[in-house]
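Down below is the structure, laid out as structure tokens.
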2 protein chains.
Amino acid sequence: MTAKPKLTKNQSVVLKALTRAKKPLTAYEILDLATVRTQGLKAPLTIYRALDRLRDEGLVHRIESLNAFLACCEKAGHTEPVGFVICDNCRKSVELRLSDCETHLGASAEAAGFQVGEIRVEMTGLCPACVKAAARQG
Amino acid sequence: MTAKPKLTKNQSVVLKALTRAKKPLTAYEILDLATVRTQGLKAPLTIYRALDRLRDEGLVHRIESLNAFLACCEKAGHTEPVGFVICDNCRKSVELRLSDCETHLGASAEAAGFQVGEIRVEMTGLCPACVKAAARQG
DNA sequence: TCTATACCATTATATCATTACATCATGCGA
DNA sequence: TCGCATGATGTAATGATATAATGGTATAGA
Ligand SMILES: [Zn+2]
Ligand SMILES: [Zn+2]
Ligand SMILES: [Zn+2]
Ligand SMILES: [Zn+2]
């Protein structure tokens, strides 16, 4: 019986903000949101602490190349490795299943003698909307 | 006839420092090295500029999850995507070929409607030496 | 000479993240 | 009830990473 890990108020506020944003936000961007500020969160550390907990629960992912955080696309969260594809233009980001690549990648690392922990994949490019916009520009 | 892109002094100093280090260094760590300081490099921006050029040439790679830079394992450099595996304990990092995973990863991204540019893969874990050390600890 | 280009220096500032320490609430055994 | 551990929170300061703004120097070609 693992105790139901209910989120605290700060954690809920941050998770809601990220869910609403639908794209990655940095800790300071979260802090600047009116919806967050009015809830009384006003220091970076408060945000980082909430994010730490949310990441532990697998409800939020960190995108290393942006120093930003994205709400998981699955309601219940998860800790399995996933990949991200990130628009260079508008920063829209989508979580992707790795479709067995993680197995191959892990095997390469083990072939080099490493014991593998986390696997992170980040791809950059243009999102569908920005591809279309670029096409219109000629 | 692409002009031979000879490196400037600053660029050479930074590349040598990274090559000698054999592991990822942050810009500020590079700046703190005696071998770099004595060559007259003394501001962060100087280091970043040299790194930008070296990355353009494919001679140095950036590891996003460490905010650090690693000399390419190939003398001539390259811009093809590679993966890294990084020791959580000692930070030793190794460059790995992606063995076709990049193709699959890119395909997933394209299936989501994205036009893919860069692909970055970073794995964390324990290097062979640290695995052995951990085993001795029991 | 005039202009363009590339490289570099210096200072200040912006951005991202953590440390240190105090406070408050809750739950739990004595 | 008291004492105490635990975990969440608040505040302030600082550390760590990266870029902006400005201008100097050297060089190459018209
Ligand atoms: Zn997820
Ligand atoms: Zn976009
Ligand atoms: Zn390389
Ligand atoms: Zn190691």
Side-chain angles (χ1 to χ4, degrees), chain A residues 1-18 21 23-33 36-57 59-70 86 88 91 93 120 122 124, chain B residues 1-15 17-18 21 23-33 36-57 59-70 86 88 91 93 120 122:
Chain A
M1 302 302 133
T2 61
K4 179 76 180 287
K6 195 170 160 299
L7 298 178
T8 66
K9 170 175 159 277
N10 283 3
Q11 290 152 12
S12 302
V13 168
V14 170
L15 180 56
K16 280 207 192 85
L18 280 178
K23 58 176 176 172
L25 298 178
T26 69
Y28 284 76
E29 285 170 341
I30 295 169
L31 187 59
D32 283 344
L33 293 173
V36 170
R37 263 276 151 63
T38 58
Q39 292 296 313
L41 288 74
K42 55 185 177 182
L45 182 52
T46 309
I47 307 297
Y48 281 109
R49 279 198 284 232
L51 288 170
D52 282 347
R53 170 74 190 286
L54 293 168
R55 291 173 65 200
D56 282 348
E57 302 289 335
L59 294 167
V60 164
H61 306 299
R62 178 185 162 91
I63 298 189
E64 300 289 345
S65 57
L66 296 177
N67 295 322
F69 303 86
L70 181 67
I86 305 152
D88 281 327
R91 224 167 52 157
S93 301
R120 289 190 286 263
E122 297 181 13
T124 59
Chain B
M1 302 305 132
T2 62
K4 179 77 182 285
K6 195 169 160 298
L7 298 178
T8 67
K9 170 174 158 278
N10 283 3
Q11 290 153 12
S12 302
V13 168
V14 170
L15 180 56
L18 280 177
K23 57 176 176 172
L25 298 177
T26 69
Y28 285 75
E29 285 170 341
I30 295 169
L31 186 58
D32 283 343
L33 293 172
V36 171
R37 264 278 152 63
T38 58
Q39 293 296 311
L41 289 74
K42 54 185 177 183
L45 187 50
T46 309
I47 307 297
Y48 282 111
R49 276 195 288 237
L51 288 170
D52 282 347
R53 170 75 190 284
L54 293 168
R55 290 173 65 200
D56 282 348
E57 301 290 335
L59 294 168
V60 163
H61 306 299
R62 178 184 162 91
I63 297 188
E64 301 289 345
S65 58
L66 296 177
N67 295 322
F69 304 85
L70 181 66
I86 305 151
D88 280 327
R91 223 166 53 156
S93 301
R120 290 190 285 263
E122 298 181 12

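The sequence lines fix the lettering, A, B, ..., with proteins before strands; numbering per chain opens at 1. These values consider heavy atoms only, across backbone and side chains, with no hydrogens, waters or symmetry-generated copies.
Among all heavy-atom pairs drawn from B:A27 and B:I47, the shortest one is O-CG2, 3.8 Å. Considering every non-hydrogen atom in both A:A43 and A:L31, the closest pair reads N-CD1, 3.7 Å.
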Under 4.0 Å protein heavy-atom contact, by nucleotide of nucleotides 9-14 of chain D - B base, S sugar-phosphate only
BBBB--
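Here the CD atom belonging to A:Q11 is positioned 9.5 Å from the CG atom belonging to A:D56, to the nearest 0.5 angstrom.
Only one option out of A:L15, A:D52, A:V14, A:L70 pairs with A:V60 in a side-chain contact (heavy atoms from CB on, under 4.5 Å); it is A:L15. When the options A:L25, A:T38, A:L18 are evaluated for a side-chain contact (heavy atoms from CB on, under 4.5 Å) with A:L33, the one that passes is A:L25. Each of A:E122, A:R120, A:R62 was checked for a side-chain hydrogen bond (donor to acceptor under 3.5 Å, both in side chains) with B:S65, and the lone residue meeting it is A:R120.
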Does the pair B:N10 and B:R49 meet the rule for a side-chain contact (heavy atoms from CB on, under 4.5 Å), with working shown?
CA-CA 9 Å; B:N10 283 3; B:R49 276 195 288 237; over 6 Å; no
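Protein chain B touches strand DNA chain C; the 5'-most and 3'-most nucleotides with an atom under 4.0 angstrom of its non-hydrogen atoms are C:dC7 to C:dT10.
For NZ of A:K9, the number of neighbouring non-hydrogen atoms (other residues, nucleotides, ligands) closer than 6.0 Å is greater than 12.
Taking only side-chain nitrogens and oxygens, B:N67 never comes nearer than 4.0 Å to OP1 or OP2 of D:dA16.
Taking atom CG of residue A:L7 and atom P of nucleotide D:dG7, one finds them 17 Å apart after rounding to whole Å.
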